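Right, one structure below, let's go through it.
A quick note: this is a predicted structure, and the numbers were derived from the prediction, not measured.
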Number of protein chains: 2
Amino acid sequence: MGGTHAEMARLLWGPHPRPARGPRPTLDLDRIARAGIEIADSDGLAALSMQRVAARLGVTKMALYRYVPGKAELVALMVDAAIGPYRAAGKPRNGWREHLEEWGRQLLAGFQRHPWMLDATVGPRIMGPGELSWLEYAVSTLDGTGLSGAERMDAAVLLVGHVREITQQARAAGPTGDPETELGAVLGDLMREHGDRFPALTSALISTARSGGQNQAWEFGLQRILDGLAALIDQRAC
Amino acid sequence: MGGTHAEMARLLWGPHPRPARGPRPTLDLDRIARAGIEIADSDGLAALSMQRVAARLGVTKMALYRYVPGKAELVALMVDAAIGPYRAAGKPRNGWREHLEEWGRQLLAGFQRHPWMLDATVGPRIMGPGELSWLEYAVSTLDGTGLSGAERMDAAVLLVGHVREITQQARAAGPTGDPETELGAVLGDLMREHGDRFPALTSALISTARSGGQNQAWEFGLQRILDGLAALIDQRAC
DNA sequence: ATTATTAGTGTCCATTGGACACAGTTTCTT
DNA sequence: AAGAAACTGTGTCCAATGGACACTAATAAT
């Protein structure tokens, strides 16, 4: 292993000065990260190996270790490159709620473009500049709302959690959107056989049937969180 | 690989009839799962290998494959055994909010007892009876609140997402609770060096300083979600 | 007693992440 | 111009991993 946190920070945050001597490098961190992203996008994070990344770049696996101390660092680079910096699109005259809503939608879109980011962002880790810019924006929208610093952070984290959960659900449902994957079929069988042990669940699922799929779940959670925030902010304002 | 979803379901949901012929098995699924849990509890999911589980049971690695088709299935068993069925503790006269609050606290406690469950529950998968009983309870508390089936499910999922996010934060902060781990130190350095690029974040962190750590974040998100739910329920009731 | 099953073992294999020595390339110094 | 220094990509090697498969021993039905 080559992965201390300090190395990770240096890699994510630079600078990366081109060394003065020696042959010119064939690769750079950006190309490596993009190659990894392409693999993970199409075949999932489990299919990501140093070999495959190297092969895609026309280079030996060991060449990568000249740029990256280990696989964990490569994945961290991929995450930060895949999510990129947040670019606010809305007009700046809107209130915090509109901004956070748009922000959440874009974050969700990012996660769904790169579902492997779910697996890559579990556990303690160091965020890169891109990822941090997302957090920065979310927290900044809550400036002047009367929330404390910790509360503004907590609110952002709460939204991130929701985005992650929805991404996970969407991935389970498969790309079609409805649970007619094999997993969905197995789950159906399961409920048909053991449904009586889970009456509330069964009734909830039946009454659900067709009501909008995961998009509904996303909107529901988003609005509930924003409502909860609004309630607190209003209460503080009085 | 030996892991179709159907096999996973059979393994998690049984039945597991003792075969009539042949020597008596030395192990059973429960003991295997518990051995795995002990390893993951103490050394993390990354340290879980078939070899180590087998060694702890005094048996060869290949013996495990008589019980479990593959590692993925073993992990699924571990998850369901670790979280276990939900046992409602509160008096049944309370309202949905109290029940959900207690439920969330217990779920969080479970995740913090077995932090590796975070890594083990990413991606599409089949839930076991234990896990499903937690979902069942959460959904059942919302019966009769005027929420639709889908909404009741979404509410439960929302809370699970929050629990997961908090667990992740707590794990990053380390067992002490404050960010004085190496990771925390590196993050501090990072903000000291690049803080000017993230003014809102910096100010939020400074004003945070000492305000309660991750417990605060947990309570904040929990109450925000419950407030949001209450708002919707009240609105439906009118 | 024979036979069908089943359980645990031992051996083998491909793949993985990574360590390390080496040869070739480029720039700085003398 | 000529080393020397620093660096790059390659080739080889290794331990550990999940898993396939054949084999022996144990059990119960016939």
Quiz item: Does the pair T167(B) and V163(B) meet the rule for a side chain to side chain contact (heavy atoms under 4.5 Å, CB included), with working shown?
Solution: CA-CA 6 Å; T167(B) 307; V163(B) 169; 4.1 Å; yes
Self-check item: Whether over 12 other heavy atoms sit under 6.0 Å from R18(A) CZ
Solution: yes
Quiz item: Can you check the D28(B) CG to dT6(C) P distance for me, whole Å?
Solution: 18 Å
Exercise. Report, as yes or no, whether the 6.0 Å neighbourhood of atom CD on E38(A) holds more than 12 heavy atoms from other residues, nucleotides or ligands.
Key: yes
Quiz prompt | Working for side-chain hydrogen bond (donor to acceptor under 3.5 Å, both in side chains), residues E165(A) and Q169(A) | solution = CA-CA 6 Å; E165(A) 207 68 12; Q169(A) 273 188 273; over 6 Å; no
Quiz prompt | Contact list for DNA chain C against residues 29-57 of chain B - heavy-atom distance below 4.0 Å | solution = none
Quiz prompt | From CA spacing to verdict: salt bridge (Lys or Arg N to Asp or Glu O under 4.0 Å), R10(B), D189(A) | solution = CA-CA 11 Å; R10(B) 191 182 46 73; D189(A) 285 356; over 6 Å; no
Quiz item: Could you state the CG-C1' distance from L74(A) to dG18(C), rounded to the nearest angstrom?
Solution: 14 Å
Practice problem: Could you check how far OH of Y65(A) sits from P of dC20(C), rounded to whole Å? | Solution: 13 Å
Quiz item: Which word best sums up how the rings of Y86(A) and Y137(A) line up, parallel for under 30°, tilted for 30 to 60°, or perpendicular for over 60°?
Solution: tilted
Self-check item: Chi angles and distances behind the side chain to side chain contact (heavy atoms under 4.5 Å, CB included) call for M127(A), D80(A)
Solution: CA-CA 7 Å; M127(A) 294 192 295; D80(A) 210 66; 5.7 Å; no
Quiz item: Base, backbone or nothing for each nucleotide of nucleotides 1-11 of chain D, written B, S, -, heavy atoms under 4.0 angstrom, 5' to 3'?
Solution: ----BBBBBBB
Exercise. Please answer whether the main-chain N or O of T121(B) pairs with a side-chain N or O of Q168(A) as donor and acceptor at a distance below 3.5 Å.
Key: yes
